[in-house]
Amino acid sequence: MRILVTGTEGQVVRSLTERAGRLTDVEVVAVGRPALDLARPEAVAAALDPVGADVIVNAAAYTAVDQAESEPELADTINGAGAGAVAAAAARRGLPVVQISTDYVFDGSRERAYGEEDATGPVSAYGRSKLAGERAVQAANANSVVLRTAWVYSPFGKNFAKTMLRLAGTRDEVAVVDDQIGAPTSALDIADAILAVAAQLVARPGDDGLRGVFHMSAAGRASWADFAEAIFAASRAAGGPTAQVKRITTAEFPTPARRPAYSRLDCGKLEVVHGVTLPDWRESVPSVVERLLAEIR
Ligand SMILES: NC(=O)C1=CN([C@@H]2O[C@H](COP(=O)(O)OP(=O)(O)OC[C@H]3O[C@@H](n4cnc5c(N)ncnc54)[C@H](O)[C@@H]3O)[C@@H](O)[C@H]2O)C=CC1
């Protein structure tokens with residue numbers, strides 16, 4: 001199977017390339033800026049050359065959640081129209097497309113895990129742009145899967161785990177929000193799930209049941225403070241820096257973008273339809289932390 005993936009530097013892109021490297025029958029071809037710029041949707045088709053590809057994965061996105069509040073048009077273009085253009089390019093070649101989306105399409109006002117059919121209601125410019133992308137992809141290509149994930153961290157790029165380890169190197173105590181509940185999800189686990197879903201799409205082209213929206217986050221529940229404590233525990237165990245976590249409220253840590261207070265995703269549909277389950281979030285923390293420590297040292 002040959003996977004064409006958008007972006008070259010992102011957490012999910014790099015994880016996908018790494019995980020596919022373990023498989024003998026999967027090749028990942030990553031295409032990113034400057035050759036492919038989702039901010040120029042009209043040029044996407046020409047830049048994406050899916051010759052020989054079996055499936056396209058759109059893992060590139062405008063992911064700066066706070067910054068999106070001050071440049072919502074750019075976020076919309078990249079995450080909305082740009083994603084739609086990738087899906088359309090796939091459709092023209094008769095190829096399936098996998099679109100990565102987010103728990104931030106929900107408003108987070110309830111305390112029960114969200115199912116795929118639950119009403120969306122993004123509370124940020126980023127969330128609105130990603131919801132626009134889901135819709136654009138589905139309108140452009142019926143042979144599509146939207147995988148909503150959450151709280152992504154990995155050995156690559158910028159992410160919460162790397163930030164916490166850096167802070168632990170310079171401080172004894174770190175204040176972390178304790179009233180947003182979700183599921184920290186390793187991009188390496190996301191990559192394994194994408195590979196499994198992509199293989200099904202390629203193997204069963206006529207099976208409409210495999211298409212549609214699916215939730216794909218780690219099992220379990222955590223606040224950002226819980227996640228920080230798990231990162232520090234893993235770091236301590238590996239001889240790395242550690243800090244005390246001071247649990248604070250969202251109100252004590254104002255950010256330009258609002259975030260859902262509760263955004264756990266019910267991933268039962270992915271398990272039933274695709275046979276894919278991600279591990280509990282706690283299981284994946286130590287191995288990522290060990291790799292980040294090796295990089296920081
Ligand atoms: N990071 C997170 O916590 C979450 C991410 N997601 C989604 O997962 C997917 C992957 O996210 P990450 O790998 O964490 O993101 P990332 O920020 O690590 O990487 C984003 C990638 O998109 C590329 N990109 C940005 N603007 C582009 C443009 N105009 N044209 C072409 N490429 C462009 C970047 O170069 C990079 O390769 C995205 O769709 C994101 O919305 C969903 C939930 C949470």
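Just follow the structure's listing: the first ligand is 1, and inside any ligand the first atom is 1.
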Shortest protein heavy-atom distance from [atom], along with the residue and atom involved:
atom                    : value
atom 29 (N) of ligand 1 : Asp37 OD1, 2.8 Å
atom 43 (C) of ligand 1 : Thr149 O, 3.4 Å
atom 8 (O) of ligand 1  : Ile100 CG2, 3.2 Å
atom 37 (O) of ligand 1 : Gly10 N, 2.9 Å
atom 10 (C) of ligand 1 : Ala59 O, 3.4 Å

*May I ask you to say whether Arg259 pairs ionically with Asp179, meaning some side-chain N is under 4.0 Å from a carboxylate O?*
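Not counted as a salt bridge, because no side-chain N and carboxylate O are separated by less than 4.0 Å.
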Per-residue contact class, [X] against ligand 1 - non-hydrogen pairs under 4.0 Å:
X      : result
Thr8   : backbone
Phe160 : neither
Thr63  : side chain
Ser154 : neither
Ala60  : both

Which atoms of ligand 1 have any heavy atom of [X] under 4.0 Å away?
X      : answer
Ile78  : 29 (N)
Trp151 : 3 (O), 44 (C)
Val12  : 10 (C), 13 (O)

Heavy atom of [X] under 4.0 Å from ligand 1?
X      : value
Tyr126 : yes
Gly32  : no
Leu36  : yes
Ser15  : no
Gly157 : no

*Just going by heavy-atom distances, which of Arg33, Lys130, Gln11, Glu9 is nearest to atom 35 (O) of ligand 1?*
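When every heavy atom of Arg33, Lys130, Gln11, Glu9 is considered, Arg33 comes closest to atom 35 (O) of ligand 1.
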*Counting heavy atoms only, which of Gly182, Ala83, Gly7, Ala61 comes nearest to atom 22 (O) of ligand 1?*
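Residue with the shortest heavy-atom distance to the ligand atom: Ala61.
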*Can you spot which of Phe106, Tyr104, Tyr262 makes a ring pair (Phe, Tyr, Trp, His ring centres under 6.0 Å) with Tyr114?*
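Result for ring pair (Phe, Tyr, Trp, His ring centres under 6.0 Å) with Tyr114: Phe106.
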*Going from CE on Met164 to CZ on Arg171, what distance comes out if it is rounded to the nearest 0.5 angstrom?*
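Reported to 0.5 Å precision, the distance equals 8.5 Å.
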*asked:* Whether the side chain of Gln99 engages the backbone of Val137 through a donor-acceptor N/O pair (distance < 3.5 Å, no angle test) should be reported.
replied: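 No; zero donor-acceptor contacts below 3.5 Å.
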